[in-house]
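Notes to accompany the following structure.
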2 protein chains.
Amino acid sequence: MVERVVPESGRRRRRPTKQGAVLSERMIVETALRLVSQHGAEALSVRRLGAALGADPSAIYRYFRNTDALLLSLADELIGRAQEGWEPTGDWRADLRAIGLRIHASYRSNPQAALLAAHRTTGRAHETRAVETILGVLRSANFPDPLVVRMYHAFVDQALAFAAQDAAALALPQAAHEADAEVWHAVYGKLPAATHPNIAATLPLLADDMRGSGYPFALELMLDAMAARLPATSVPADGSRDRRARARRPANRA
Amino acid sequence: MVERVVPESGRRRRRPTKQGAVLSERMIVETALRLVSQHGAEALSVRRLGAALGADPSAIYRYFRNTDALLLSLADELIGRAQEGWEPTGDWRADLRAIGLRIHASYRSNPQAALLAAHRTTGRAHETRAVETILGVLRSANFPDPLVVRMYHAFVDQALAFAAQDAAALALPQAAHEADAEVWHAVYGKLPAATHPNIAATLPLLADDMRGSGYPFALELMLDAMAARLPATSVPADGSRDRRARARRPANRA
DNA sequence: ACCTTACGACAACACCATTGACGTGTAAAT
DNA sequence: ATTTACACGTCAATGGTGTTGTCGTAAGGT
């Protein structure tokens with residue numbers, strides 16, 4: 001097989017398609033995102049994307065080696081959008097909360113791409129910028145580095161994992177999606193108290209709570225726990241182990 | 001369309017296939033799990049499952065209305081395996097930790113299937129039993145019901161989300177898996193301290209920590225935060241929110 | 001021994017991603 | 001201004017997918 005994909009920088013000849021569209025990497029990514037957001041996750045196929053572009057489906061392979069490459073590009077775009085126009089405030093807790101919710105929201109807005117991308121490490125520009133920012137927030141809060149790293153890991157994976165989890169629900173075919181939601185009333189609502197006392201006792205609360213995402217509360221709990229592990233700042237107390245904060249650089253930059 | 005599926009209880013005629021296999025719901029689920037664990041998630045298609053069963057693919061539709069119904073059965077089977085042989089100890093914290101780690105482990109042991117199943121609500125026996133157990137653990141710890149429900153939601157979704165996240169990594173094609181791991185050295189290791197000071201400062205710790213799962217620590221943080229919200233038992237004190245219980249237990253690690 | 005019908009098999013449909021071959025129009029080179 | 005090269009859009013084909021309508025047969029109840 002001859003390599004069909006030419007890197008975007010090396011492109012010269014922009015021949016219009018039969019229907020008059022002029023393709024580009026950027027235009028394909030945007031069309032794909034629009035397609036998914038307008039017609040649902042199922043609408044994203046190479047064939048339909050071709051149709052939406054006004055081009056033969058196979059033309060897409062001149063820009064992306066396969067659909068996986070295309071989806072990674074969509075994901076990178078999503079990471080970028082999650083960070084767009086955000087600046088750290090200096091309050092580590094508020095900052096982490098904002099970052100977490102932004103990642104979550106951004107991925108949820110494009111479930112299909114989120115599903116494929118949430119568990120990959122791309123190493124692209126948007127990703128490294130996000131990593132740098134989060135590490136900066138944690139370090140400027142004076143957590144010791146070994147703790148910073150573990151907290152970073154837990155925080156990011158939790159954001160991505162929940163994003164993927166919730167995106168997966170949104171990406172389900174309509175029917176399956178509704179079926180899952182219905183289960184809480186249809187099945188759990190009918191379990192007898194004799195065999196399932198705790199479900200019976202909490203059912204209304206439960207069915208209601210399960211409609212939304214568990215992430216915001218899980219995030220809050222994580223922030224609580226992080227705060228509890230914050231080394232004392234001015235008070236000399238503590239001394240439990242060797243994890244005192246050392247004075248360090250400002251650490252933060254977007 | 002006539003309904004093709006007959007409920008398992010009403011089955012009488014077990015006609016063997018041409019190749020001599022006698023089908024059943026149970027046997028199909030087990031074959032599907034084996035297929036997936038041996039040959040990867042991509043190996044699970046109706047046609048291949050039919051071949052593995054020694055039956056025509058369409059015969060499967062006599063047992064499951066569609067592939068989604070089959071997936072739900074796989075999911076419930078995994079939940080069941082996670083609970084096998086476990087009993088609550090009465091220590092809510094130890095119990096939740098055990099449940100979380102068991103779910104995580106069970107899904108990881110069958111990554112391909114977990115990926116397909118981790119985000120579905122099945123409403124089946126194994127699932128309801130798990131829900132009942134977890135609610136019971138939280139309620140017996142004396143959390144008020146509205147809090148129990150939110151904690152249940154956060155806890156379960158966290159376990160499933162991380163399970164799916166880590167399963168996804170394990171399920172990647174060998175090449176992509178190694179490529180992702182490599183990124184931490186190849187890309188992050190080469191970022192200049194000038195533009196990415198925090199990454200540069202923590203890189204060795206970071207690259208090391210990112211090799212494992214972030215779940216055990218994230219779980220520990222969640223348990224910490226839950227403990228901090230435990231209503232005071234004998235002491236009348238109360239400050240409703242925030243950071244009481246700052247210096248609680250050492251909050252061990254995996 | 002006879003019916004009934006459950007259920008396995010077959011064939012067909014519509015969709016999917018991907019690829020090799022082809023020819024045309026663009027942009028660079030002369 | 002003309003030629004040339006090749007980028008890239010198009011076509012056609014391959015081999016996959018889930019799903020369904022139809023049919024025949026053998027298993028079970030009677």
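All heavy atoms count here, side chains included; hydrogens, waters and symmetry mates do not. Just so it is clear, the model here is predicted, and its values are computed rather than measured.
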(message) If I take atom CG in residue A/Asn66 and atom P in nucleotide D/dG16, what distance separates them, rounded to the nearest angstrom?
(response) 18 Å
Mind listing the N/O atom pairs, protein and nucleotides 5-7 of chain D, below 3.5 Å?
residue: D/dC6; atom: O2; partner: A/Arg13; partner atom: NH1; Å: 2.6

(request) Figure out the NZ/P separation between A/Lys18 and D/dT10, and round it to whole Å. (result) 7 Å
(message) Suppose the criterion is ring pair (Phe, Tyr, Trp, His ring centres under 6.0 Å): which pairs have a residue in residues 101-132 of chain B, not counting sequence neighbours?
(response) B/His104-B/Tyr215
(message) Side chain of B/Thr17, heavy atoms from C-beta onward: which of C/dA17, C/dG8, D/dA27 has the nearest atom to it?
(response) C/dG8
(request) Just call it for B/Tyr63: base, sugar-phosphate, or nothing, with non-hydrogen atoms closer than 4.0 Å on any strand. (result) sugar-phosphate
(request) Check whether the side chain of A/Arg4 and the base of C/dG20 form a donor-acceptor pair under 3.5 Å. (result) yes
(request) Nearest-nucleotide wise, let me know which of A/Arg47 and B/Gln19 is further upstream toward the 5' end of DNA chain C. (result) B/Gln19
(message) From CZ of B/Phe64 over to P of D/dT19, roughly how many Å is that when rounded to an integer?
(response) 13 Å
(request) Under 4.0 Å from any atom of DNA chain C, heavy atoms only: list the residues of residues 54-62 of chain A that qualify, in numerical order. (result) A/Ser58, A/Tyr61, A/Arg62
(message) Any salt bridge linking B/Arg26 with B/Glu30? Criterion: basic side-chain nitrogen under 4.0 Å from a carboxylate oxygen.
(response) yes
(request) To the nearest Å, give me how far apart CZ (B/Arg48) and P (D/dG18) are. (result) 8 Å
